[in-house]
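Shown next, in structure tokens, is the structure this report addresses.
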Amino acid sequence: MKFHGINLLLVILLLDVCMLRSPKARACEEGDCQNARGKLIIYENGVKKDVYTGEFRNSQYNGNGSFIIFKDGKRISQFDGTFQHNKYN
């Protein structure tokens, strides 16, 4: 039984490392990022890449919102207004 616990720990650690190195990860930090208002942060290789704060429908940017683009941890662009099907209108 002792080895079983160690194997489980190794699997958990491996999954954790893989998730950190995943090319893109999405995290709903506030609210409801499916069918209401929320704040979604997109990470690339563990670094914040984009942030959308606004209205969602079917997990897509849909309605009024703000989309901020980051590069090397610095804000480089921002779009405020109406979005539909993940696109700025």
- line: Residues Cys28 and Gly31: closest non-hydrogen pair is SG-O, 3.8 Å
field: Lys71 and Lys49: CA distance, side-chain angles, deciding distance, side-chain contact (heavy atoms from CB on, under 4.5 Å) verdict
entry: CA-CA 6 Å; Lys71 183 173 183 179; Lys49 184 177 181 276; over 6 Å; no
- request: Please lay out, stage by stage, how Tyr61 and Phe67 fare under the test ring pair (Phe, Tyr, Trp, His ring centres under 6.0 Å).
  value: CA-CA 9 Å; Tyr61 318 146; Phe67 190 85; 5.6 Å; yes
- prompt: Is any side-chain heavy atom of Gln34 less than 4.5 Å from a side-chain heavy atom of Phe56?
  reply: no
task: To the nearest 0.5 Å, tell me how far Glu55 CD sits from Asn62 CG.
output: 8.5 Å
query: Would Ile76 and Tyr52 show up in the same hydrophobic cluster when neighbours are defined by side-chain heavy atoms closer than 4.5 Å?
result: yes
query: Can you get from Leu40 to Val51 by hopping between Ile, Leu, Val, Met, Phe, Trp and Tyr side chains that sit under 4.5 Å apart?
result: no
task: Show your working on ring pair (Phe, Tyr, Trp, His ring centres under 6.0 Å) between Phe83 and Phe79 and close with a plain yes or no.
output: CA-CA 10 Å; Phe83 293 78; Phe79 301 93; 7.8 Å; no
- prompt: Quick one: does Asn58's side chain have a donor or acceptor within less than 3.5 Å of a partner on Gln60's backbone?
  reply: no
message: Just by distance, no angles: are the side chains of Arg75 and Gln78 close enough, under 3.5 Å, to form a donor-acceptor pair?
response: yes
message: Between Thr82 and Asn89, do the side chains contain a donor N or O and an acceptor N or O under 3.5 Å apart?
response: no
- request: Might you point out which heavy atoms bring Asn64 and Arg37 nearest each other, and give the distance in Å?
  value: O-NH1, 3.7 Å
message: On a heavy-atom basis, which atom in Glu29 and which in Ile41 lie closest, and how many Å separate them?
response: CG-CD1, 3.2 Å
message: Could you see if Ile69 belongs to whatever hydrophobic cluster contains Tyr43? Use Ile, Leu, Val, Met, Phe, Trp, Tyr and a side-chain cutoff under 4.5 Å.
response: no
- prompt: Roughly how far, to the nearest 0.5 Å, is the CD atom of Glu30 from the NZ atom of Lys39?
  reply: 5.0 Å
